[in-house]
Protein chains: 2
Amino acid sequence: MRLSTKGRYAVTAMLDLALNSGNGPVTLADISVNQGISLSYLEQLFAALRAKQLVRGIRGPGGGYYLGKGSDQISIADIICAVDEWVEFTRCGGRENCRGGERCLTHTLWDQLSDEIFTFLSEISLADLVERGQRKARHEEPLTAQPLNGGKQRAA
Amino acid sequence: MRLSTKGRYAVTAMLDLALNSGNGPVTLADISVNQGISLSYLEQLFAALRAKQLVRGIRGPGGGYYLGKGSDQISIADIICAVDEWVEFTRCGGRENCRGGERCLTHTLWDQLSDEIFTFLSEISLADLVERGQRKARHEEPLTAQPLNGGKQRAA
DNA sequence: GCTATACCCGAGTGCGTTGGTCGGGAACCG
DNA sequence: CGGTTCCCGACCAACGCACTCGGGTATAGC
């Protein structure tokens with residue numbers, strides 16, 4: 001799992017889409033202005049998102065983008081994996097032959113951790129985030145205080 | 001929160017330390033060999049870790065590194081923050097003045113998510129990982145053999 | 001059909017990070 | 001002392017990120 005500004009851009013752009021797709025498709029130009037991301041860079045990100053069916057593009061005037069599926073069907077992990085393409089690290093089966101024992105143990109432990117982070121992000125959907133944001137707007141409560149989906153305990 | 005190869009190196013190195021510090025301090029040379037990380041790069045990482053009191057260095061022959069506190073007192077988030085120094089993004093209170101409403105909402109949602117990931121990693125300690133690995137070692141045979149996350153073809 | 005809109009695509013670029021090198025210290029031990 | 005090992009700073013090649021540029025192509029409205 002990798003977590004960079006690229007993934008953040010993708011997630012916030014998708015959030016923008018989820019929030020605005022009520023009335024017709026959303027143009028990249030709009031998102032560009034809203035999020036302060038360059039248009040061409042957005043096009044690259046959305047090319048990746050489209051390849052993974054996470055968004056659907058409508059060409060021509062009045063066109064734009066829709067979400068590819070329901071916002072509850074799209075997880076944060078989906079989005080990040082789409083743009084960051086999941087570099088496969090520490091799977092010792094590759095060039096580095098673990099000399100049995102120790103080294104491989106640490107790699108394995110890291111893999112476990114990596115997997116847990118992935119699972120964690122898989123369980124949060126766009127809809128979750130949006131719904132939480134709206135709840136916050138209603139109650140006016142600090143966001144960091146309340147843990148969200150109850151599924152946060154790493155189930156191992 | 002940022003999650004890159006740098007953080008991974010730091011975490012695996014700290015795991016190495018946690019596993020081996022039973023009999024005396026561990027030298028960076030050992031970790032370098034075990035983990036396949038260059039000695040000089042390790043020194044850079046450990047300079048950051050030492051600054052945050054996560055490790056304690058012993059100079060001279062027979063020297064090396066100890067953990068700075070108990071392995072149950074050191075979280076994964078601590079380690080990653082020490083080496084990646086937590087670039088604070090999207091806190092709109094900075095240079096980007098959110099034009100009220102929308103844009104700030106997506107930023108807020110991302111911040112929430114970021115906080116959650118951080119909390120998640122804060123709740124996993126080195127001791128947790130080690131203990132989990134040992135439990136696994138008792139029950140099953142080689143750690144490398146079994147794909148622990150069900151393959152890796154994640155949601156693609 | 002024309003044309004404007006907006007998606008689509010690929011090559012290229014400045015820059016910061018990554019991972020590493022080199023050289024020289026400072027503390028410690030026999 | 002002399003060797004070991006941590007400590008520190010400067011420097012560097014390669015890479016990925018974020019972005020730009022310059023074209024396309026499909027569609028809607030006229």
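When reading the values below, keep in mind they use all heavy atoms of this one structure, side chains included, and skip hydrogens, waters and symmetry mates. Just so it is clear: chains get the letters A, B, ... in the order the sequence lines come, proteins before strands, and each one is counted from 1.
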Rounding to an integer number of Å, can you tell me how far [X] [atom1] sits from [N] [atom2]?
| X | N | atom1 | atom2 | result |
| --- | --- | --- | --- | --- |
| Phe46(B) | dC6(D) | CZ | P | 9 Å |
| Ile58(A) | dA28(D) | CD1 | P | 9 Å |
| Lys6(A) | dG16(C) | NZ | C1' | 15 Å |
| Tyr66(A) | dA6(C) | OH | P | 13 Å |
| Asp84(B) | dT17(C) | CG | P | 10 Å |
| Arg56(B) | dT5(D) | CZ | P | 18 Å |
| Leu49(A) | dC8(C) | CG | P | 12 Å |
| Leu42(A) | dC8(C) | CG | P | 13 Å |

With a cut-off of less than 4.0 Å, is there a side-chain N or O of Ser38(A) near OP1 or OP2 of dT20(D)? yes
Distance check: side-chain N/O of Tyr41(B) vs OP1/OP2 of dG19(C), anything under 4.0 Å? yes
Within the 4.0 Å limit for protein heavy atoms, which parts of nucleotides 8-16 of chain D are touched? Write it as a string from 5' to 3', B for base, S for sugar-phosphate only, - for none. B-------S
Could you tell me whether the side chain of [Y] reaches within less than 4.5 Å of the side chain of [X], counting heavy atoms only?
| X | Y | value |
| --- | --- | --- |
| Leu67(A) | Met14(A) | yes |
| Leu113(A) | Leu109(A) | no |
| Ile117(B) | Leu3(B) | no |

Using modelled atom types and a 3.5 Å cut-off, is there a donor and acceptor pairing between side-chain atoms of Asp128(B) and backbone atoms of Ser125(B)? yes
Please answer whether the main-chain N or O of Leu17(A) pairs with a side-chain N or O of Ser21(A) as donor and acceptor at a distance below 3.5 Å. yes
Would you work out how much the helix from dG1(C)-dC30(D) to dG30(C)-dC1(D) bends between its ends, with each end axis defined by five base pairs, to 10 degrees? 20°
Base, sugar-phosphate alone, or nothing: which one does Tyr65(B) contact when heavy atoms must sit under 4.0 Å apart? sugar-phosphate
Going by side chain to side chain contact (heavy atoms under 4.5 Å, CB included), name the residues that satisfy it together with Ile37(A), two or more places apart in sequence or in a different chain. Tyr9(A), Gln35(A), Tyr41(A), Leu42(A)
side-chain hydrogen bond (donor to acceptor under 3.5 Å, both in side chains) partners for Ser32(B), two or more places apart: none
Judged by modelled atom types alone, do Asn34(A) and Asp30(A) share a side-chain donor-acceptor pair under 3.5 Å? no
Please collect all side-chain hydrogen bond (donor to acceptor under 3.5 Å, both in side chains) contacts where either partner lies in residues 64-77 of chain B, sequence neighbours excluded, each pair once. Ser75(B)-Asp78(B)
Starting from the 5' end of DNA chain D, give me the residue, Gly62(A) or Gly7(A), whose nearest nucleotide shows up first. Gly7(A)
